[in-house]
Undergrad: 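One structure coming up, written as structure tokens, with questions to follow.
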Amino acid sequence: MTRIVMPGHIDVTSHKAWRNEAQVHDDLRYLRVNAPVSWVDREPYRPFWAVTRIADIKEVMQQNELFINEPRLTMVPKNIEALTEKQYGGRRYAVRILLDMDGPEHKTYRSITQRWFMGPGVIQLQKRIDVLADRYIQEMIDAGGEIDFSTRIASQLPLTVILSILGMPDEDAPFILKMTQELLSTGDPELARSDQGGVDVMADVAAYFGRILAERRAAPREDLTSVIANAMVHDEAIGALEAISYYLLISTAGHETTAASIAGGLLAFIQNPAELEKVKRSPGVLRTGADEIVRWVSPIRHFMRTATQDCVLGGVEIKAGDSLAMLFPSANRDDVAFADAYRFDIERAAQAHVGFGWGGHACLGRQIALAEIRTFFAKLLPRLESIELAGEARPIESNFTGGYKSLPIRYRIGDAG
């Protein structure tokens, strides 16, 4: 089989490429047709395969023994990989989150918190989501008709929800937000702490979550941090590294992707006023439409897997040890799975998207994220009398996480009906 190399004129993997989302989507469309599984050997990364079609990505995510998470979960520059290996005694990561785990170990650790993120847990949390959605709509009203929606609303609502679940105080929100940006948006010079890929953030992470872990073990509460702190794994107390890593995952991924979806969703409604009108006439359309928002935004841009043995994917021969980057925004615009995929359609049945991953590693917080998106837009959009951009929408410069650094809007909100 002939190895297909990603064409040199196409860039969908650098951080800077994502300044121009429209161009990236055009390039991804080209790859799906002409090089759906292509070899990428470009600085600053070690080589890998870029996987662009939804069927191939789902195949990878459904075969958890053939394609594993460790040792390479995301695209990390070679110099940062070398730095972390040296600094953490040969380990590639300073933490070991649920996303790094495979097989029975992954199932064991996932089960610790699963009930908090499934049906009963979401129902119990819905009242809190309702209150917070009302709070941030009121903040928009108080702002007088112009606001940076990304920084003031979209990033704050999911963060406050996740702090509620974890039992952490609202006043810690600025620290959590800054930590999240410094860890997940390391390619954006406005958000990254330094050029060390987030390595220099880990001491702050360990100190903060280490203190919470000690507190919850000494005096448990009715919150998720206590559940994790006092969890038993194979009849032994969960390790400090794994507990702190769990806290880190939930507090960052638990709000960042939802924030990206809310900001990107509002931008989609501004750019597609007919879809906004559909929600204003019938907010119930968001019951399934929230998935269309996530499909459209694709808040996580890639994850990686490593092949454990030789195999064939999309007609391409993959060798044991090869890494594969699954490009989720490409999969979610695949017209084989979604008719007229480059159209935002709030009435679309889009549940087959991979915006929350797929298979055994699908996002644990999916139902809560959808509840937040659905609730906020169902409360806000019917009250909008007008809305428009008040400046440039500025995407986060990252090949890993989506979202907007800035989304200035001008609007009028009417009284609640």
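A quick note: this is a predicted structure, and the numbers were derived from the prediction, not measured. We're numbering straight along the sequence, starting at 1.
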Undergrad: Whether E146 and R412 form a salt bridge (side-chain N of Lys/Arg under 4.0 Å from carboxylate O of Asp/Glu) is what I want to check.
TA: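 A salt bridge is absent here (no side-chain N lies under 4.0 Å from a carboxylate O).
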Undergrad: For residues D200 and S194, is any side-chain donor paired with an opposing acceptor at under 3.5 Å?
TA: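 Yes, S194 and D200 have a side-chain donor paired with an acceptor closer than 3.5 Å.
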Undergrad: I want to check something: taking the side chain as every heavy atom from C-beta on, are I212 and L166 in contact at a cut-off of under 4.5 Å?
TA: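 No; the side chains remain at least 4.5 Å from each other.
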Undergrad: Ignoring hydrogens and angles, tell me if any N or O in the side chain of N272 forms a donor-acceptor pair with the backbone of E275 under 3.5 Å.
TA: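 Such a contact is absent between N272 side chain and E275 backbone.
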Undergrad: Which pair of non-hydrogen atoms, one from R72 and one from S323, has the smallest distance, and what is that distance?
TA: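 The answer is CD-OG, 3.2 Å.
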Undergrad: Report the distance from atom CG of L370 to atom SG of C363, rounding to the nearest 0.5 Å.
TA: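 One gets 9.0 Å once the value is rounded to the nearest 0.5 Å.
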Undergrad: Examine the side chains of T306 and E70 and answer whether a donor and an acceptor come within less than 3.5 Å of each other.
TA: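 T306 vs E70: no donor-acceptor pair found between side chains.
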Undergrad: Under 3.5 Å, side chain of D148 to main-chain N/O of L407, donor-acceptor pair present?
TA: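 Yes; at least one donor-acceptor contact below 3.5 Å.
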Undergrad: May I ask you to check whether T160 and Y136 show a side-chain donor-acceptor distance below 3.5 Å?
TA: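 Present: a donor and an acceptor within the cut-off.
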Undergrad: Are any of the side-chain nitrogens in R295 or E292 under 4.0 Å away from the carboxylate oxygens of its partner?
TA: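 Yes.
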Undergrad: Is a salt bridge present between D291 and R366, judged by a nitrogen-to-oxygen distance below 4.0 Å?
TA: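 Here D291 pairs with R366 in a salt bridge, since their nearest N and O are under 4.0 Å apart.
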Undergrad: If the plane angle is over 60° it's perpendicular, under 30° parallel, otherwise tilted; pick one for F356 and H353.
TA: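 Ring orientation of F356 relative to H353: tilted.
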Undergrad: Just so I know, are the side chains of M6 and R42 near enough to count as touching, which here means a heavy-atom distance under 4.5 Å?
TA: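 M6 reaches R42 side chain to side chain.
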Undergrad: Rounded to the nearest 0.5 Å, what separates atom OG1 in T252 from atom CD1 in I176?
TA: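 One finds 8.5 Å between OG1 of T252 and CD1 of I176.
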Undergrad: Is the distance between the ring centroids of F400 and F303 under 6.0 Å?
TA: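 So the answer is yes for these two rings.
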Undergrad: Can you tell me if E236 has over 12 outside heavy atoms packed within less than 6.0 Å of its CD?
TA: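 Counting other residues, nucleotides and ligands, CD of E236 stays at 12 neighbours or fewer.
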Undergrad: Roughly how far, to the nearest 0.5 Å, is the CD atom of E43 from the OG atom of S14?
TA: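 If I round to the nearest 0.5 Å, the distance is 13.5 Å.
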Undergrad: Is there a side-chain contact (heavy atoms from CB on, under 4.5 Å) between I387 and L266? Walk through the geometry before answering.
TA: CA-CA 10 Å; I387 187 167; L266 187 71; 3.9 Å; yes
Undergrad: Any carboxylate oxygen within less than 4.0 angstrom of a Lys/Arg side-chain nitrogen, looking at E139 and R135?
TA: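 No, this pair does not count.
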Undergrad: Using only atom types and a distance under 3.5 Å, with no angle test, would you say the side chain of K58 pairs donor to acceptor with the backbone of A352?
TA: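 Yes; judged by distance alone, with no hydrogens or angles, the pair exists.
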Undergrad: Rounded to the nearest 0.5 Å, how far apart are CD1 of I123 and CD of Q367?
TA: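 Answer rounded to 0.5 Å: 8.5 Å.
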Undergrad: Measure from the ring center of F149 to the ring center of Y411 and say whether it is less than 6.0 Å.
TA: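 F149 vs Y411: aromatic centres not under 6.0 Å.
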Undergrad: Could you check whether D204 pairs with R193 (Lys NZ or Arg NE/NH1/NH2 to Asp/Glu carboxylate O, under 4.0 Å)?
TA: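 Result for this pair is yes, salt bridge flagged.
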Undergrad: Please say whether more than 12 non-hydrogen atoms of neighbouring residues, nucleotides or ligands are located less than 6.0 Å from CD in E65.
TA: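 Open: at most 12 neighbouring heavy atoms sit under 6.0 Å from CD of E65.
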Undergrad: For the residue pair N230 / R216, report whether a side-chain donor-acceptor contact shorter than 3.5 Å exists.
TA: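 Judged by distance alone, the side chains do not pair up.
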Undergrad: Just checking, is any N or O donor in the side chain of D335 or Y342 under 3.5 Å from an acceptor N or O on the other one?
TA: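 Judged by distance alone, the side chains do not pair up.
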Undergrad: Are Y30 and H25, when compared by the centres of their aromatic rings, separated by less than 6.0 Å?
TA: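 Not close enough - the centres of the two rings lie 6.0 Å or further apart.
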Undergrad: Go through the side-chain N and O atoms of H302 and T74 and say whether any donor and acceptor fall under 3.5 Å apart.
TA: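 There is no such pair (donor and acceptor under 3.5 Å, judged by atom type) between the side chains of H302 and T74.
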Undergrad: Determine whether E317 and K319 satisfy the following criterion, salt bridge (Lys or Arg N to Asp or Glu O under 4.0 Å), listing intermediate values before the conclusion.
TA: CA-CA 7 Å; E317 187 175 311; K319 295 293 186 180; 2.7 Å; yes
Undergrad: Less than 4.5 Å apart, any side-chain heavy atom of M179 and any of L248?
TA: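 Yes, at least one pair of side-chain atoms sits under 4.5 Å.
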Undergrad: From the options R301, R333, R394, select the one residue that forms a salt bridge (charged side-chain N to carboxylate O under 4.0 Å, His left out) with E21.
TA: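 By the salt bridge (charged side-chain N to carboxylate O under 4.0 Å, His left out) criterion, E21 pairs with just one of R301, R333, R394: R301.
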Undergrad: Could you please spell out the steps behind the side-chain contact (heavy atoms from CB on, under 4.5 Å) verdict for F48 and M75?
TA: CA-CA 9 Å; F48 60 89; M75 299 179 208; 3.9 Å; yes
Undergrad: So do L324 and M304 actually touch side chain to side chain, heavy atoms under 4.5 Å?
TA: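 A side-chain contact under 4.5 Å is absent here.
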Undergrad: When you measure from the side chain of S330 to the backbone of T52, do you find a donor-acceptor pair of N or O atoms at a distance under 3.5 Å?
TA: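 The answer is yes, because a donor-acceptor pair under 3.5 Å joins these two groups.
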Undergrad: Got a sec: does the CZ of R287 have more than 12 other heavy atoms crowding it under 6.0 Å?
TA: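 Result for CZ/R287: open.
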Undergrad: Using a strict cut-off of less than 4.0 Å between a Lys/Arg side-chain nitrogen and an Asp/Glu carboxylate oxygen, indicate whether K127 and D130 qualify as a salt bridge.
TA: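 Judged by the 4.0 Å cut-off on N to carboxylate O distance, K127 and D130 do not form a salt bridge.
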Undergrad: So, are K16 and D11 salt-bridged, with charged N and O less than 4.0 Å apart?
TA: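 Salt bridge flag = no for D11 with K16.
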Undergrad: Whether the side chain of S150 engages the backbone of Y404 through a donor-acceptor N/O pair (distance < 3.5 Å, no angle test) should be reported.
TA: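 Yes: the side chain of S150 pairs with the backbone of Y404.
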Undergrad: Can you see whether N332 engages S298 through a side-chain donor-acceptor pair at a distance of less than 3.5 angstrom?
TA: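 Distance-only check passes for N332 and S298.
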Undergrad: So, taking the atom named CD in E397 and the one named OG1 in T186, what distance separates them when rounded to the nearest 0.5 Å?
TA: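 Answer for the CD-OG1 pair, E397 versus T186, is 10.5 Å.
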Undergrad: With distance as the sole test, does S38 use its side chain to make a donor-acceptor pair with the main-chain N or O of V5 at under 3.5 Å?
TA: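 Side chain of S38 to backbone of V5, a donor-acceptor pair under 3.5 Å: no, none is there.
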Undergrad: When the ring centroid of Y246 is compared with that of Y109, is the distance short of 6.0 Å?
TA: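 No, the ring centres sit 6.0 Å or more apart.
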Undergrad: Which of parallel (below 30°), tilted (30 to 60°) and perpendicular (above 60°) describes F175 and Y208?
TA: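 If you compare the ring of F175 with that of Y208, the planes turn out tilted.
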Undergrad: So, the side chain of R217 versus the backbone of A229: is there a donor-acceptor pair under 3.5 Å, distance only?
TA: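 Yes: the side chain of R217 pairs with the backbone of A229.
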Undergrad: Any chance you could measure L380, atom CG, to M140, atom CE, to the nearest 0.5 Å?
TA: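 Between atom CG of L380 and atom CE of M140 there are 5.0 Å.
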